[in-house]
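Bear in mind that the values here come from a model prediction, so they are computed numbers and not experimental data.
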Amino acid sequence: MMAQSGPDIGEEAAQSTMALGPLAGLAREDFVGAVAVMLQQTAADPVKAVKHMQGFSEDVVQIMTGKSQLTPEPRDKRFMDPAFQYNPFIKAGMQYFLAVQKGMKSWLDDLDLDPIERDRASFISQIIIDAVAPTNTLAGNPMAQKRLIDSGGLSLIKGLKNAYDDMVNNDFMVSQVDKTPFTLGENIATSQGAVVFRNEMMELIQYTPQTQEVYAIPQLTIPPQINKMYINDLSPEKSVVKYQVDNGIQTFVISWRNPQKEHGHWGMDDYIASCIEAMDAIQEITGADTINLSGGCSGGQTLSVLLSKLAADDDKRAGAATIMVCVLESKPDDTEASSLVSQNSLELAKRRASRADIIPGSDLTRGFAWLRPNDLIWNYVINNYLMGGDPPAFDVLFWNADATNLSASLMGDFLGLYEANAFATPGAAHVADHDLDLTKVTSDLFILGGVTDHITPWRACYRSTQLFGSKNVEFILSQSGHMQAILNPPGNPKAKYFKAKKKGKMPASVDKWLEGTEEVQASWWPYWMEWLHARSGERVKAPKSLGSETHKPMESAPGTYVFD
C-alpha cells in the first residue's frame with residue numbers, strides 16, 4: 001500500500017467519526033445470524049456453491065499462469081504501489097484477494113435472500129474480506145517492505161513498539177490520533193467564556209461577546225451525549241462558537257458530564273430537565289423571552305424531544321431550531337450496517353443496558369470502529385504497525401478519541417425511541433413526562449445533512465423536514481461527511497453546499513427536492529448565519545460581563561466537566 005501522510009489518513013478517518021444512532025443496538029448475535037443465513041442458503045442449494053467454487057478455481061488458474069485480468073478499482077488506495085503491477089508475486093497476492101472478493105459478491109448475488117438479508121450478508125462479508133487483504137500484512141504490503149529495508153529494520157521495531165503501547169495503554173485498540181500536541185483550553189477549545197450554571201449533569205457555558213452589539217435572542221447548543229462539547233470550538237479557524245460570537249450571537253453551550261457508575265440512572269427525562277434548567281438560566285441572564293436552539297447527531301434527537309416537551313407544556317420559549325446530521329426517522333435500508341439491527345438485537349441491547357450502570361466509552365468506540373474497519377482500523381494497522389509511523393495529530397480525531405460513557409438508562413431510552421419509530425409516530429412514546437409529538441412543534445427549522453455522511457445519511461436526515469408542524473423549514477446539504485459536514489467554515493477551498501432554488505414547503509420526495517436545488521461553491525455557515533440573524537431579534541448593546549447576579553461566572557471555558 002502506498003504510504004499515506006498523517007493528514008490524509010486523518011481526513012479519511014474524520015469522515016467516520018463516532019455517532020450515536022441505531023447502530024448502538026447491534027448485537028454480536030446478529031453478526032453470527034447473518035453468517036448463518038448465508039450458510040443455510042448454501043446448504044439448501046449446493047449446486048450454486050459448486051458453481052461459484054468452480055468460478056473461483058478458474059480465476060486461481062488464471063492467476064497462477066499469469067493470465068489473470070483482475071484489477072482493483074481505481075479508487076482503492078490499498079493497491080496503488082507500482083509493485084502491484086510489476087512484481088509477479090505481489091501482483092498474484094493481490095489478485096488472489098480480488099478473486100475472493102469477486103467470488104463472494106457473485107455468490108451473494110446468487111443466493112435467495114430478501115433485501116435486508118442481502119444487505120446484512122454483504123456488510124458482514126465485506127468486513128471479513130477487508131480483514132484478509134494482503135496489504136494488512138508485511139508479506140503482502142510492498143511499501144511496508146521498502147520502509148523496512150530503507151530504515152534498516154527500525155520501522156519494524158517502531159511498529160512493534162506502537163503495537164505494544166496500544167495493547168498496554170489503549171485497551172488493545174490501534175491508536176487513531178497523536179494526542180500529544182493538543183491541550184484543552186490552550187490550543188483547542190480556546191474561545192473565551194465561563195461556566196454560568198452547573199448541576200450534577202451538566203455545565204452551561206456562556207461565551208464572551210466579540211461585538212459591541214449582539215442580537216437579543218440567544219442561542220443554546222445541545223451537544224451529543226457520547227462526545228465532548230468542544231467539537232463546537234476545536235480551533236479558531238473552524239470554531240462554530242467563534243463564528244457565532246463574531247457575528248453577534250449570544251452563545252451558550254451545554255457541557256455534559258461524563259457519567260460514572262453512580263449515574264447509570266440518568267435517562268432522557270433527566271437530560272431534558274437539565275436542558276430546561278439551562279434555558280431558565282439563559283433567560284435570567286439575558287432577559288430574553290425566546291431562545292434559539294441547536295443540536296447535532298444524538299444532540300439533535302435530544303433537541304427534538306425538548307421541542308416536543310416545550311410544545312406539550314405550552315412553553316413558548318423555543319425559537320428557531322437548527323438540527324444537524326441527525327436522523328429522526330430511521331429505516332433498515334439507510335445503510336448496510338443499519339440493516340443488521342433487528343428486533344432480536346434491540347431486545348438484547350435493552351436487556352444488557354438494564355443490567356449495566358454505564359456503557360463505557362471505550363466499548364462504544366471499539367464497536368463503532370469495527371463497523372468501518374478500513375477507515376478506523378486497517379489504515380492505522382498499516383501506518384502504525386507495518387510502516388512504523390505515528391498516527392496523525394488531527395483535532396477532529398482528538399475529539400473523537402475523547403469519548404464519554406453513556407448511562408445505561410439513556411441508552412435504553414434511545415433504543416426505545418428507535419424501536420417505536422417515535423419521532424415519526426406521534427404519541428408512540430412517553431418521554432420526559434409527555435407523549436412525544438413533533439407535529440406540535442412550530443419552530444422555524446434549519447436542517448443539515450452531509451453528502452458523504454454514512455453515519456446519518458443525508459437522505460435519512462431529509463425525512464425530518466416532514467416530521468414537524470413547522471411551516472418554515474430549510475434543508476441544506478453540505479459536502480463531506482458527518483462532523484466534517486458541520487465543520488465546514490468560510491475559507492475552506494473545498495466547501496460547497498446545495499440549497500433549494502425557491503423558498504417554500506419542503507417536498508415529501510427527497511429526489512424532488514434535489515431536482516430543485518442549486519450548488520453553491522462556498523461554506524454554508526454564512527447562509528446559516530443570515531438565516532439565524534433573521535430569527536434572532538433586534539440588536540442590543542453587548543453585556544459588559546458574563547452571567548448575572550444570580551448566575552455568577554465560575555470557571556473559564558471550556559469548564560470542568562469537559563476534563564472528566
Side-chain angles (χ1 to χ4, degrees), residues 1 3-14 16-20 28 131 135-138 141 144 147-148 151 153-189 224-231 234 256-261 263 356-406 483 558 560-564:
M1 177 175 176
Q4 296 186 59
S5 65
D8 286 342
I9 194 174
E11 286 283 358
E12 289 179 13
S16 304
T17 44
M18 190 166 63
L20 183 68
R28 64 178 65 90
T135 47
N136 297 339
T137 67
L138 183 60
N141 193 313
R147 179 69 64 86
L148 177 65
S151 68
L154 292 179
S155 64
L156 180 60
I157 295 172
K158 177 70 183 302
L160 291 172
K161 180 182 180 298
N162 288 343
Y164 176 78
D165 286 344
D166 284 339
M167 286 188 287
V168 174
N169 302 315
N170 202 39
D171 199 23
F172 285 84
M173 277 294 293
V174 61
S175 295
Q176 298 172 1
V177 62
D178 178 6
K179 300 178 182 180
T180 54
F182 302 108
T183 303
L184 282 177
E186 292 185 13
N187 60 0
I188 198 166
Q225 286 92 337
I226 62 168
N227 283 104
K228 302 293 180 66
M229 50 70 67
Y230 60 87
I231 186 63
L234 276 179
W256 298 119
R257 187 176 184 182
N258 186 6
Q260 305 304 310
K261 282 196 170 185
H263 306 133
D357 297 309
I358 56 171
I359 314 299
S362 58
D363 287 359
L364 292 167
T365 302
R366 184 189 307 276
F368 192 84
W370 278 107
L371 295 174
R372 301 290 299 180
N374 266 350
D375 293 332
L376 299 178
I377 294 178
W378 300 122
N379 269 348
Y380 290 98
V381 167
I382 294 167
N383 182 76
N384 302 5
Y385 302 165
L386 300 186
M387 304 287 288
D390 293 320
F394 200 68
D395 50 10
V396 175
L397 296 180
F398 174 80
W399 164 82
N400 189 59
D402 197 8
T404 64
N405 304 323
L406 186 66
M483 288 304 170
T560 61
Y561 284 175
V562 76
F563 293 99
D564 289 350

Start with the C-alpha distance between Thr183 and Ile188, add both sets of side-chain angles, then the distance that settles side-chain contact (heavy atoms from CB on, under 4.5 Å), and finish with yes or no. CA-CA 6 Å; Thr183 303; Ile188 198 166; 5.9 Å; no
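- Atoms CG and CG, from Asn141 and Asn136 in turn, are 8.5 Å apart once rounded to the nearest 0.5 Å.
- The closest donor-acceptor contact from the side chain of Lys228 to the backbone of Asp564 lies under 3.5 Å.
- We find the OH-OG1 distance between Tyr385 and Thr137 to be 15.5 Å, quoted to the nearest 0.5 Å.
- Summarising the geometry of Asn227 relative to Asn400, their closest heavy-atom pair is ND2-O, 3.7 Å, with the distance given to 0.1 Å.
- Remark: side-chain polar atoms of Gln176 are paired, donor with acceptor, to backbone N or O of Leu376 under 3.5 angstrom.
- The number of heavy atoms from other shown groups lying within 6.0 Å of CZ (Phe172) does not exceed 12.
- Checked by atom type and distance alone, the side chain of Asn187 pairs as donor or acceptor with a backbone atom of Pro181 at under 3.5 Å.
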Run Gln225 and Thr404 through side-chain contact (heavy atoms from CB on, under 4.5 Å) and show every step you take. CA-CA 8 Å; Gln225 286 92 337; Thr404 64; 5.9 Å; no
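- Contact between Gly185 and Pro558 at its shortest, heavy atoms only, is CA-CD, 4.2 Å.
- The CZ atom of Arg257 sits 8.5 Å away from atom OG1 of Thr560, with the distance rounded to the nearest 0.5 Å.
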Residues Ser175, Asn162; criterion side-chain contact (heavy atoms from CB on, under 4.5 Å); working and verdict: CA-CA 8 Å; Ser175 295; Asn162 288 343; over 6 Å; no
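- Separating the CG atom in Asn384 from the NZ atom in Lys158 is a distance of 8.5 Å, to the nearest 0.5 Å.
- Atom OH of Tyr380 sits about 8.5 Å away from atom CG of Asp375, to the nearest 0.5 Å.
- Heavy-atom minimum distance, Asp395 versus Leu234: O-CD2, 3.8 Å.
- Residues in residues 170-188 take part in these salt bridge (charged side-chain N to carboxylate O under 4.0 Å, His left out) pairs, two or more places apart or across chains: Asp171-Arg366.
- With rounding to the nearest 0.5 angstrom, the CG atom of Leu386 is 8.5 Å from the OG1 atom of Thr135.
- A donor-acceptor pair under 3.5 Å links the side-chain atoms of Asn383 to the main chain of Asp390, judged by distance alone.
- Between the side chain of Trp399 and the main chain of Tyr230, no donor-acceptor pair closer than 3.5 Å is present.
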Walk me through it: do Ile382 and Met387 pass the test side-chain contact (heavy atoms from CB on, under 4.5 Å)? CA-CA 6 Å; Ile382 294 167; Met387 304 287 288; 4.1 Å; yes
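- In plain terms, the two heavy atoms of Asp166 and Val174 that are nearest each other are OD2-CA, 3.4 Å.
- A donor-acceptor pair under 3.5 Å is absent between the side-chain atoms of Asn405 and the main chain of Gln260, judged by distance alone.
- Considering all non-hydrogen atoms of both residues, Pro392 and Leu397 come closest at CG-CD1, 4.2 Å.
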